[in-house]
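Here's the structure we're looking at; comments come further down.
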Amino acid sequence: MIRIEPRTRAPGLWAAVPPVLAVLATILASTVILNILGVPPLDALHYLYVAPFSSRFNFAEVLLKMAPLLIIAQALAIGFRARIWNIGAEGQLILGAIGGSLLPVAFNDSVNPLMLPAMAAIGMVFGMGWAAIAAWLRTRFNANEILVTLMLNSIALQLLYYLVSGPLRDPYGYNFPQSALFPDVAMLPTLISGTRANSALIVALAATLLAWGLTQRSFVGFRLRVGGLAPGAARYAGFSEHRAIWMALLIGGGAAGLAGVFEVAGPLGQLQRVVTPGYGFAAIIVAFLGGLNPVGILAASFFMAVIYVGGDVAQTAAGVPHTVNLVLQGVLLVTYVAARVFTDYQVTWSQRAKA
Amino acid sequence: MTETLTFLLSGTLLAGTPLLIAALGELVTEKSGILNLSVEGMMAVGAIFAFMVVTGGGSYWVALAAGGMAALVVAALFAVVVIFTLANQVAAGLAVGILGLGLAGLIGDPFEAQTVPPMPKLPIPGLAGLPVLGRGLFDHVPVVYLAPVLALATWLMLTRTRLGLLLRSAGENPDAANSIGINVRFVRFCATLYGGFCAGVAGGFISVVSATLWADGIIAGRGWIVVALVVFGTWRAGRIAIGAYLFGLATLSGLLVQTTGVAIPSQLLTSIPYIVTIVAIALLSMNPKLTWLNAPVSLGQPYLPTK
């Protein structure tokens, strides 16, 4: 007879159970799904979990995809800890990509070395502005931020479609819905020569340090955490809920905006109709899988990046549809939230059936 | 002019029907205390299964039922995770929603951009011949007429029957319900499955009745509009029905503007339902009393029965 009771002792080693189970379930599910699609299990394991490490280029791809996931997930986790659910990182990333594209499109032959920092700043402000809509509606009208940020994702995508097929379209681009290619000063420096891995990863690691400092060592982080764990206590202590909402959403929006700039200034080199393969949603999974803990998120973003690259390999090598990635992300998060029962509660096995 | 009015009425019903069916299911689920945010994914799964049945030569009714059953299975997974492993309902809803969208995309890959013939209409004898109103309101597939009936039945069930009382007690005060011998977890489990079934039927309606095609991402955020509908219908079947049809109308406004010849970017027109949703949520949440008086008290709270 399994008994589930409220937890009275610290989870200790049990804390490792959910992420480990989630990763194992994902590996198992990926093998089964690819097998159904006609890929032998050993090949499936190879494509997804060995190939990403098997060449310099592939591993650099893992680092490339890890950077945006890490930046966004660290910021989202700060809000999630305060139980403020920003589900709109995808849209905030798109706004960042748009904001980051304005300067290189307007000054396409510039050689000013300040171009890149300026793009980053504008992109962050755009991401924050998009998130601020949700923060304002929540604090002023009490509008649920989950629904608002989600709707803003859809609107951001339409805005991007409009801009790349109109105002920001390359006038010499044969009507393709994309902007002109960015000048060199608008591009991120490469991290590993001959690959696409770029210095966004350095920024992502710095963001990790910053998040760690904010959550573990600062009063602001403490206030946010109390607001999430015990809203009543937070109110009693005079911690403003409105301030927490603004902070959580602005941090998330700024980080996602920056990640958006890094996509157009990195692997893309221009503004296109597709600027993100779902990083904004995947980062939500990364934040949870990492236990909303900066160090855990570092590991989780790496695993998520491996799945992304592995999925790409499977797609080119065996023609597996790209939606497999989405299924695996779903399995990862479903297993994780289910297995959280081992850390949030005390699960005991008693021999004697209940009377 | 009369053409436009007919088009408006008919289009509003067609676009509002799936929203209403899914929202009534979500209403029952939320009344039992479970916040299911995976509607989008469940609708996508329902859409592809219904589409496969019609493509395989099955009838439209079987297709809608198959869509409902497929989404019910997805809902069962969500229910186990939130009811028996007591997971955070927001995170679990997102997770199952992503899984559903992924599965629908994967299963639907070979069917991408295929079409099916439209479902046969059932004009209502006598009424369908009326000018304007006839073709607008009474010349539809049967499901369109059934949706308002479902709204009425849901309202009666929730407010006038023992079953409704059971559901509401599980959602309002699970401890009290448990103490008088109601199996709260079982009630919530069934309510979640029912919500899943409705979402699946709604998804199926979109793929085989209104769009008559399969494309990855066909639900296009409508699952989230459904969740929003329950909130600004303040958990009442009648208001949800009004909201669903107003939304149906909002989705048409784009097409309507285009007929006037005013040049507006198509992307802005596509965004209208999303913008309307945001404005509606903001306006209706402005008065917190309205929400707190009607929302099930224990909505979204995990429940661990005490012995």
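All values below come from the heavy atoms of this structure, side chains included, with hydrogens, waters and symmetry mates left out. So that the names make sense, note that chain A is the first sequence line, chain B the second, and so on, each numbered from 1.
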State, to 0.1 Å, how close [X] and [Y] come at their nearest heavy-atom pair, and which atoms those are.
X	Y	answer
B:Ala228	A:Leu147	CA-CD1, 3.7 Å
B:Phe84	A:Ile4	O-CD1, 3.5 Å
B:Gly102	A:Val327	C-CG2, 3.2 Å
B:Ile278	A:Val148	CD1-O, 4.1 Å
A:Thr323	B:Gly105	OG1-C, 3.5 Å
A:Phe288	B:Ala91	CZ-CB, 3.7 Å

Got [X] and [Y] here, is their nearest side-chain heavy-atom distance under 4.5 Å?
X	Y	value
A:Leu37	B:Leu106	yes
A:Asp344	B:Leu86	no
B:Tyr274	A:Leu152	no

Mind ranking [options] by heavy-atom pairs under 4.5 Å with chain A and telling me who comes out on top?
options	result
B:Thr85, B:Val96, B:Leu283, B:Leu77	B:Thr85
B:Asn88, B:Leu268, B:Val90, B:Leu37	B:Val90
B:Val82, B:Asp109, B:Ile98	B:Ile98

More than 12 heavy atoms from other groups under 6.0 Å of [atom1] on [X]:
X	atom1	result
A:Tyr162	OH	no
A:Arg169	CZ	yes
A:Trp14	CH2	no

Within this structure, what is the [atom1]-[atom2] distance for the pair [X] and [Y], rounded to the nearest 0.5 Å?
X	Y	atom1	atom2	answer
A:Leu157	B:Ser271	CG	OG	9.0 Å
B:Thr270	A:Ile155	OG1	CD1	11.0 Å
B:Met286	A:Leu137	CE	CG	11.5 Å
A:Tyr161	B:Ser266	OH	OG	11.0 Å
A:Arg138	B:Ser285	CZ	OG	10.0 Å

**OP:** With side-chain contact (heavy atoms from CB on, under 4.5 Å) as the test, would you mind laying out the steps for B:Leu94 and A:Ile284 before giving the verdict?
**Re:** CA-CA 9 Å; B:Leu94 289 172; A:Ile284 298 171; 4.2 Å; yes

Original post:
Between B:Val231 and A:Asn144, does a side-chain contact (heavy atoms from CB on, under 4.5 Å) hold up when you go through it step by step?
Top reply: CA-CA 9 Å; B:Val231 177; A:Asn144 181 303; 5.9 Å; no

**OP:** Start with the C-alpha distance between A:Tyr345 and B:Leu304, add both sets of side-chain angles, then the distance that settles side-chain contact (heavy atoms from CB on, under 4.5 Å), and finish with yes or no.
**Re:** CA-CA 10 Å; A:Tyr345 296 87; B:Leu304 186 61; 4.1 Å; yes

Subject >> Proximal component of B:Pro302, with respect to chain A [non-hydrogen, under 4.5 Å] >> reply: side chain

Original post:
A:Gly330, A:Gly166, A:Ser165, A:Gly278: which one forms the most heavy-atom pairs within less than 4.5 Å of chain B?
Top reply: A:Gly330

Subject >> Check against side-chain contact (heavy atoms from CB on, under 4.5 Å), B:Ile225 and A:Met151 >> reply: CA-CA 8 Å; B:Ile225 291 179; A:Met151 295 297 139; 3.8 Å; yes

**OP:** Pick one of side chain, backbone, both or neither for A:Ile36, based on which atoms fall under 4.5 Å of a heavy atom in chain B.
**Re:**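 When you check distances to chain B, no heavy atom of A:Ile36 falls under 4.5 Å.
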
